[in-house]
Protein chains: 2
Amino acid sequence: MMSTLSISEENYLKAIFHLYTHDAGIGTNAIAHHLNTKAASVTEMIKKLAEKKLLTYEKYQGVVPTRKGFTLALGIVRKHRLWEYFLVEKLKFKWDEVHDIAEQLEHIKSERLVEQLDHYLGFPKLDPHGDPIPDKEGKMCAMNCCCVSDIKPNSNAKISGVKNHSPAFLKHLEKMKLTIGKTVKVIDRNDFDQSVELVLNHETMYISKEVAENLLVKKIKG
Amino acid sequence: MMSTLSISEENYLKAIFHLYTHDAGIGTNAIAHHLNTKAASVTEMIKKLAEKKLLTYEKYQGVVPTRKGFTLALGIVRKHRLWEYFLVEKLKFKWDEVHDIAEQLEHIKSERLVEQLDHYLGFPKLDPHGDPIPDKEGKMCAMNCCCVSDIKPNSNAKISGVKNHSPAFLKHLEKMKLTIGKTVKVIDRNDFDQSVELVLNHETMYISKEVAENLLVKKIKG
DNA sequence: TAATTTTTTTAGGTTAAACTAAATTATATT
DNA sequence: AATATAATTTAGTTTAACCTAAAAAAATTA
């Protein structure tokens, strides 16, 4: 029934899924940039995926994933995040080391494998970066979070994730001990450079605008 | 330095390695049959691998892996067997279910991943089929075993592996409770059909010539 | 040894996925 | 609205890996 997808096709689907859910515009160029490829290649692949009814496409109008395409993409994201969880929790990788490996593992084809892995890991809800892991049915918990720069001064918040997943950023956070689960108090935002003053472990610290915009937190009472 | 190999190249190398170590002849046709491909494709790929110094090749004379090619193939076998061990020991797959998945996992590229996995699994020496797992340096324990049909009557032996890895054979063994580690006593060989009489768990049973030839054991005193 | 069969190689073609450069359409700016 | 800029598509190549059919070499058999 469902002709199995190539790794390239899966990567396109996943990129489109991410642009569709996160960002705004989902044009040919955006996809090309996301996949480190060229617009011409994207146009070509888009046509193939449209043929397979994984997305709808009209010339010059961009694409929209179909339900089927969306579900498939969710499945790939599920695998990616489960593998990331495995790599960190079981194999003791750091959170900044797992992306590239999970990028390969997500393409392993075996329903059984995913379900057994999920079971083995204890059906985790979040991956090491705080991103929700879709369950077998594609359901995942909403993460009602916002970035530090959107928190109003003098409120407490718990670190819950990152917007930027680059190893450089993750390593930087690790060094500053700004890791998932930690509680911080946002003190003030500096008008000069948009840096943010906060308290972590009873110590005052300042984080740059860039960090504040990419660090996700959940407000907590207090 | 080392241009990374494609999945196809890896599969060719592995096939050549297996034919080279197990079987006798390692001709173009044998490789083609092993990889479910055609002789013409093999000739082509062989040339490429020879260019990369992974094997030596002379027209019509067959191929011989170089040290470099041999080492690389061992690395792939290492990964395959470690993943099989993982699938059975951690994810609770049956020994007849893991081959195809390991066939995919063996191509994941990450030195770190293999070493962490090996460590996590406790540096196993044998995979679920009794095949030795090469260590980081490519060393692996010799398995001085022979098939049941080569055991002389009235001797005890411990089941240590299989020659044939097909799910059908493995399921059949499982059903008969002829699993790795079990001790059997070889009673007699029937001249008529080469079937073998043996005792397992104090019960007499007969196994076909085919089973006897593909079940590997180690002689034990008694 | 000559003839036949088998194995291997060559030649030429196909497909998937990429690319560059040129053409086309859409968007933004005066 | 006309023009300039940006985004997208088309056309035509390239590469890796496969294929079939035909040619060439090696092995086997009469």
Side-chain angles (χ1 to χ4, degrees), chain A residues 2-17 19-20 23-65 69 72-73 76 103-104 106-107 109, chain B residues 2-17 19-20 23-65 69 72-73 76 103-104 106-107 109:
Chain A
M2 182 43 169
S3 63
T4 172
L5 298 186
S6 72
I7 290 179
S8 274
E9 290 172 321
E10 289 196 345
N11 282 333
Y12 274 94
L13 255 197
K14 191 165 59 107
I16 289 163
F17 168 88
L19 291 169
Y20 184 72
D23 295 13
I26 177 177
T28 305
N29 269 335
I31 299 169
H33 183 257
H34 201 271
L35 288 171
N36 234 306
T37 181
K38 297 296 153 69
S41 311
V42 173
T43 302
E44 202 178 359
M45 181 60 96
I46 270 173
K47 286 177 179 171
K48 206 183 357 159
L49 295 176
E51 287 261 308
K52 296 190 177 187
K53 311 278 188 202
L54 300 174
L55 45 82
T56 59
Y57 164 63
E58 280 201 272
K59 266 192 191 178
Y60 297 103
Q61 304 305 302
V63 299
V64 179
L72 268 168
I76 303 165
E103 204 76 3
Q104 299 179 63
E106 76 190 5
H107 299 295
K109 278 165 183 49
Chain B
M2 181 46 168
S3 64
T4 171
L5 298 185
S6 73
I7 290 179
S8 275
E9 290 173 320
E10 289 196 345
N11 282 332
Y12 274 92
L13 255 198
K14 190 165 59 109
I16 290 163
F17 168 89
L19 291 170
Y20 185 71
D23 295 13
I26 176 177
T28 305
N29 270 336
I31 298 169
H33 182 257
H34 201 270
L35 288 171
N36 234 306
T37 180
K38 296 297 153 68
S41 310
V42 173
T43 302
E44 201 179 1
M45 181 61 97
I46 269 173
K47 286 178 179 170
K48 211 191 342 167
L49 295 176
E51 287 260 310
K52 295 189 177 188
K53 311 279 189 202
L54 300 174
L55 46 82
T56 59
Y57 164 63
E58 279 200 274
K59 266 193 191 177
Y60 297 103
Q61 304 305 301
V63 300
V64 179
L72 269 168
I76 303 165
E103 205 76 4
Q104 298 179 64
E106 76 191 4
H107 300 295
K109 279 164 182 50

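Naming convention: chains lettered A, B, ... in sequence-line order (proteins, then strands); numbering from 1 in each chain.
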*Asks:* C:dA21 phosphate, OP1 or OP2: any side-chain N/O from A:Lys38 under 4.0 angstrom?
*Replies:*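 False: A:Lys38 side-chain N/O out of range (4.0 Å or more) of C:dA21 OP1/OP2.
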
*Asks:* A:Ile46 CD1 to D:dT9 P: how many Å, rounded?
*Replies:*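 Whole-Å distance recorded here is 6 Å.
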
*Asks:* Could you tell me whether B:Lys109 atom NZ has more than 12 heavy atoms of other residues or ligands within 6.0 Å of it?
*Replies:*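 Enclosed: over 12 neighbouring heavy atoms sit under 6.0 Å from NZ of B:Lys109.
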
*Asks:* Counting the atoms with a prime plus P, OP1 and OP2 as sugar-phosphate, which does B:Thr43 contact under 4.0 Å by heavy atoms, base, sugar-phosphate, or nothing?
*Replies:*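 Base: the residue B:Thr43, judged by heavy atoms under 4.0 Å, touches a nucleobase.
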
*Asks:* Out of D:dC19, D:dT10, D:dC18, which has the shortest distance to the side chain of A:Ala40?
*Replies:*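 Output: D:dT10.
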
*Asks:* Ignoring backbone atoms, establish whether B:Thr37 has a side-chain N or O less than 4.0 Å from OP1 or OP2 of D:dC19.
*Replies:*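 So the side-chain polar atoms of B:Thr37 do come within 4.0 Å of the phosphate oxygens OP1 or OP2 of D:dC19, strictly under.
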
*Asks:* Please report, rounded to the nearest Å, how far the P atom of C:dT24 is from the CD atom of A:Gln61.
*Replies:*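 Going from CD in A:Gln61 over to P in C:dT24 covers 18 Å.
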
*Asks:* Return the CD to CD1 distance between A:Glu103 and A:Ile76, rounded to the nearest 0.5 Å.
*Replies:*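 Output value for this atom pair is 10.0 Å.
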
*Asks:* So if I take every side-chain heavy atom of B:Ser8 and compare against D:dC18, C:dA21, C:dA18, which nucleotide ends up nearest?
*Replies:*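 Shortest atom-to-atom distance from the side chain points to D:dC18.
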
*Asks:* Between D:dT8 atom P and A:Met45 atom CE, what is the distance in whole Å?
*Replies:*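 Distance, rounded to whole Å: 18 Å.
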
*Asks:* Roughly, in whole Å, what's the span from CD1 in A:Ile26 to C1' in D:dT8?
*Replies:*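 Computing the A:Ile26:CD1 to D:dT8:C1' distance gives 15 Å.
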
*Asks:* Name the nucleic acid region contacted by B:Ser41, choosing base, sugar-phosphate or nothing; use a 4.0 angstrom heavy-atom cut-off, strictly under.
*Replies:*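 B:Ser41: base contact, heavy atoms under 4.0 Å.
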
*Asks:* Starting from C1' on D:dT8, measure out to NE2 on A:His33 and report it in whole angstrom.
*Replies:*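 So the NE2-C1' distance, A:His33 to D:dT8, works out to 17 Å.
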
*Asks:* Output yes when at least one side-chain N/O atom of A:Asn29 is less than 4.0 Å from OP1 or OP2 of D:dA6, else no.
*Replies:*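 It does not, given that no N or O in the side chain of A:Asn29 lies less than 4.0 Å from OP1 or OP2 of D:dA6.
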
*Asks:* Expressed as a whole number of angstroms, how long is the span from B:Glu9:CD to D:dT15:C1'?
*Replies:*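 Answer to the nearest Å: 12 Å.
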
*Asks:* Locate the shortest heavy-atom distance separating B:Tyr20 from B:Pro65; write the atom from each residue and the value.
*Replies:*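 Distance-wise, the nearest heavy atoms are CD1-CD, 3.8 Å.
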
*Asks:* Does C:dT10 have OP1 or OP2 sitting under 4.0 Å from an N or O in the side chain of B:Lys47?
*Replies:*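 For C:dT10, OP1 or OP2 has a side-chain N or O of B:Lys47 closer than 4.0 Å.
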
*Asks:* So does A:Tyr57 get a side-chain nitrogen or oxygen closer than 4.0 Å to the phosphate oxygens (OP1/OP2) of D:dT8?
*Replies:*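 For D:dT8, OP1/OP2 do not have a side-chain N/O of A:Tyr57 under 4.0 Å.
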
*Asks:* Select one nucleotide: of D:dA25, D:dT8, D:dT20, the one nearest the side-chain heavy atoms of B:Tyr60.
*Replies:*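 The answer is D:dA25.
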
*Asks:* Rounded off to whole Å, could you give me the CD-to-P distance for the A:Glu44 and D:dT10 pair?
*Replies:*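 Whole-Å distance recorded here is 11 Å.
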
*Asks:* On the nucleotide C:dT24, are OP1 or OP2 found under 4.0 Å from the side-chain N or O atoms that A:Lys59 carries?
*Replies:*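 No.
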
*Asks:* Would you name the heavy atoms of A:Ala50 and A:Tyr57 that are closest together and state the gap between them?
*Replies:*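 Nearest heavy atoms, A:Ala50 then A:Tyr57: CB-CB, 4.0 Å.
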
*Asks:* Checking B:Thr37 against B:Tyr12 for the side-chain contact (heavy atoms from CB on, under 4.5 Å) test, could you report, in this order, the C-alpha distance in whole Å, the side-chain angles of both residues, the deciding distance, and whether it holds?
*Replies:* CA-CA 10 Å; B:Thr37 180; B:Tyr12 274 92; 3.7 Å; yes

